[in-house]
Amino acid sequence: MSLAAYCIICCRRIGTLTPPPKSTTYRRDIRNVIKFTGSLILGGSLFLTYEVWALKKSLTLDTQVVEREKMKSYIYVDTVSLDDRENYGITYQARKELHKAVRKVLATSAKILRGPFADPFSTVDVEDHECAVWLLLRKSQSGDRAARLQAVQEMSEIHHWHDYQYRIIAQACDLRTLIGLARSKESDPRFFLPPPPLPSLKEDSSIEEELRQLLASLPQTEIDECIQYFTSLALSESSQSLAAQKGGLWCFGGNGLPYAESFGEVPSATVEMFCLEALVKHSEISTHCDQIEANGGLQLLQRLYQLHKDCPKIQRNIMRIIGNMALNERLHSTIVRSGWVSILAEAMKSRRIMEASHAARTLANLDRETMREKYHDGVYVLHPQYRTSQPIKADVLFIHGLMGAAFKTWRQQDSEQVLTEKILEDEARYSTCWPKTWLARDCPALRIISVEYDTSLSDWRTRCPVERKSIAFRSNELLRKLRAAGVGDRPVIWVSHSMGGLLVKKMLLEASKKPEMSTVINNTRGIIFYSVPHHGSHLAEYSVNIRYLLFPSLEVKELSKDSPALKTLQDDFLEFAKDKNFQVLNFVETLPTYIGSMIKLHVVPVESADLGIGDLIPVDVDHLNICKPKKKDAFLYQRTLQFICETLAKDLES
């Protein structure tokens, strides 16, 4: 305004003066033009300098992200307020137009000079209320890891944005950010785009047939006998099912008989389970994971997962396959692009512990930003399952026994008054896994891991009849998996039930012989044994009387009182534990256990549960309930908690 007023005054003065000589007038006009032009140039330069300085302080973004965003199929509609008080004046509009002009000039100059687009000007046309979105997005892609983690945490705590703002992040964020949001407990589900549309099934085909084709496409050489067994069984059963569905030959006899009889009820679920079990085994081989991905396995498994939302067993096997594939970092981008992260993020929030734990394992394997550990099939983290700022100072490992499982073995003792529906409604009333619900709350600085492996009482009931896994074989397999999960990097307490205690003893002895496993021994602080048959069990002696034990499995035979391997294990470990000064707590049942409906048996007598060191505490329960406290304030749980806290007292304080 001052510049315009000055120009008007000069013009008026020129017009009112008496005409001087021509030469004097000409020089005066030149001076006035120079003054006017100089003032204009100086004022404009100062204005542009101020604007450039202001822009340098504004948000910076990677322009490639913006360009990628423009190519997306979503259309975002900004909400416009109807309140006139929120409209900006002419000054704001003028500055905004100038910003756009500067951006165009810079973009044009960058193209002409083939130079990079200056970062300070990459967001000059972003609305003020959008700055927070793009600032967090830029921060999440910073070269500083701490800044990236903070950005993800800040995103997860935001719950007041509009839908389109969450979708902007969902489409423009990178793989690390998306996985980080999925592993953040409070993340808004709108951060996750729905999975992309699945390809249509081939004409005159079915999911069952495509699953069979996927399995048949995998290499059948250089695989162990158990994988061969599962593969051949799945292919033969699926062939019989397809023939029956298409009106072909019916199967009477062989393995197919019981399943052929059930085709009228669930014609595909049984066959799909066979195929999935075979794929679980194949997915443990890295090169086979590549084949599964290349042949469209991720999309096929996703279709199957969505189709069987009412069948947790099928969904768990699918999660196991995806979790195994996630062990291979080269497949991470493919897994994310196929839409699995949104499915896993939803499963993580499930109230069913098994579903949430399977999803947590897969996401932990995908998260290379905060995780160094890798969780192989059968190793599940019960706490913490999300990213956390709580420092983890020690590990507690739970190892089940014969016919046990990673979750059901450690549930609260069953009660006739507690119904399944009520369990889901009130977790405080009944715990389906007390290490996760009780121990995690009482000791939040612990990482709690539960291990699962296949066992059977009889060779008739084994899942793989060609599989003969001794305690020595299983201990080496589990030790390898646990070391990959970082067990040994922190102080450790082992908690075991029945045969699981024998595995713990064998694992520690094997680790003591391997230099690369020395940290496992050095960091072992204590062991809890729930009715572990250190000196053998009566279980194998009843093999003739009990139909399930007519052909006892190798695991049961090794529990025999006269087993030389068991005696050697006990003698070696007792000497080893005394030398290392391990803290030990032993529980033992005093009541007999019903095996089937025909006989009851005192599985582990008091004298067999006595390791020779540590306290031995008899409890008035049977063998199955010795590791299942009735309630949180029951003696069984409180004594266990006391042992863990006292043994790890120094480690938890540091």
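The basis for the numbers below is simple: all heavy atoms, side chains too, and nothing from hydrogens, waters or symmetry mates. Positions are given from 1, in the same order as the sequence printed here.
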Please tell me whether [X] and [Y] have a donor and an acceptor in their side chains that are separated by less than 3.5 angstrom.
X: Thr231; Y: His282; result: yes
X: Glu646; Y: Gln642; result: yes
X: Ser286; Y: Arg330; result: yes
X: Lys408; Y: His400; result: no
X: Thr362; Y: Asn365; result: no
X: Ser357; Y: Gln385; result: yes
X: Ser187; Y: Ser156; result: no
X: Thr593; Y: Asp622; result: no

Do [X] and [Y] touch side chain to side chain, with heavy atoms closer than 4.5 Å?
X: Gln570; Y: Lys505; result: yes
X: Leu574; Y: Ile613; result: yes
X: Val152; Y: Arg387; result: yes
X: Leu508; Y: Ile527; result: yes

Short question: side chain of [X], backbone of [Y] - any donor-acceptor pair under 3.5 Å?
X: Lys628; Y: Thr409; answer: yes
X: Arg474; Y: Asp454; answer: yes
X: His383; Y: Pro444; answer: yes
X: Glu452; Y: Ala406; answer: yes
X: Lys374; Y: Leu327; answer: yes
X: Ser608; Y: Pro605; answer: no
X: Ser498; Y: Val532; answer: no
X: Ser537; Y: Val603; answer: yes
X: Gln583; Y: Gly526; answer: no
X: Ser496; Y: Ile528; answer: yes

Residues [X], [Y]: salt bridge by 4.0 Å N-O rule:
X: Arg483; Y: Asp489; value: yes
X: Lys632; Y: Asp442; value: yes
X: Glu510; Y: Lys506; value: yes
X: Arg490; Y: Asp651; value: no
X: Arg176; Y: Asp367; value: no
X: Asp615; Y: Arg639; value: yes
X: Asp571; Y: Lys567; value: yes
X: Arg316; Y: Glu355; value: no
X: Arg447; Y: Asp395; value: yes

Using ring centroids (six-membered ring only for Trp), state whether [Y] and [X] fall under 6.0 Å.
X: His497; Y: His623; result: yes
X: His534; Y: Phe529; result: yes
X: Tyr305; Y: Trp340; result: yes
X: Trp434; Y: Phe398; result: yes

Test side chain to side chain donor-acceptor pair (under 3.5 Å) on Asp290 and Thr287 and set out the steps.
CA-CA 5 Å; Asp290 295 332; Thr287 54; over 6 Å; no

So how far is it from [X] [atom1] to [Y] [atom2], rounded to the nearest 0.5 Å?
X: Phe587; Y: Cys627; atom1: CZ; atom2: SG; answer: 11.0 Å
X: Ser232; Y: Phe274; atom1: OG; atom2: CZ; answer: 10.5 Å
X: Ile285; Y: Asn328; atom1: CD1; atom2: CG; answer: 11.5 Å
X: Leu636; Y: Asp633; atom1: CG; atom2: CG; answer: 12.0 Å
X: Leu382; Y: Thr437; atom1: CG; atom2: OG1; answer: 9.5 Å
X: Leu181; Y: Gln153; atom1: CG; atom2: CD; answer: 11.5 Å

Does Asn476 form a side chain to side chain donor-acceptor pair (under 3.5 Å) with Lys481? I'd like the steps, not just the answer.
CA-CA 9 Å; Asn476 279 297; Lys481 291 182 177 182; over 6 Å; no

Decide side chain to side chain contact (heavy atoms under 4.5 Å, CB included) for Arg361 and Val381; before the verdict, give the C-alpha distance in whole Å, the side-chain angles of both, and the deciding distance to 0.1 Å.
CA-CA 7 Å; Arg361 172 195 166 233; Val381 177; over 6 Å; no

Within a radius of less than 6.0 Å around [atom1] of [X], do more than 12 heavy atoms belonging to other residues, nucleotides or ligands occur?
X: Met348; atom1: CE; answer: yes
X: Glu575; atom1: CD; answer: no
X: Glu346; atom1: CD; answer: no
X: Lys349; atom1: NZ; answer: yes
X: Lys580; atom1: NZ; answer: no
X: Lys630; atom1: NZ; answer: no

Exactly one of Asn586, Thr640, Val619 should register a side chain to side chain contact (heavy atoms under 4.5 Å, CB included) with Tyr530. Which one does?
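Filter result, single survivor: Thr640.
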
Taking the six-membered ring for Trp, are Phe576 and Phe582 parallel (under 30°), tilted (30 to 60°) or perpendicular (over 60°)?
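Taking Phe582 first and then Phe576, their aromatic rings stand perpendicular (interplane angle over 60°).
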
Tell me, with the steps shown, if Leu641 and Cys443 meet side chain to side chain contact (heavy atoms under 4.5 Å, CB included).
CA-CA 9 Å; Leu641 178 63; Cys443 300; 3.8 Å; yes

Just do the side chain to side chain contact (heavy atoms under 4.5 Å, CB included) check on Leu298 and Thr334 with the steps written out, would you?
CA-CA 9 Å; Leu298 289 171; Thr334 310; 3.6 Å; yes

Working note: Leu301 + Leu276, criterion side chain to side chain contact (heavy atoms under 4.5 Å, CB included); need CA distance, chi angles, decisive distance, verdict.
CA-CA 9 Å; Leu301 291 172; Leu276 289 174; 3.8 Å; yes

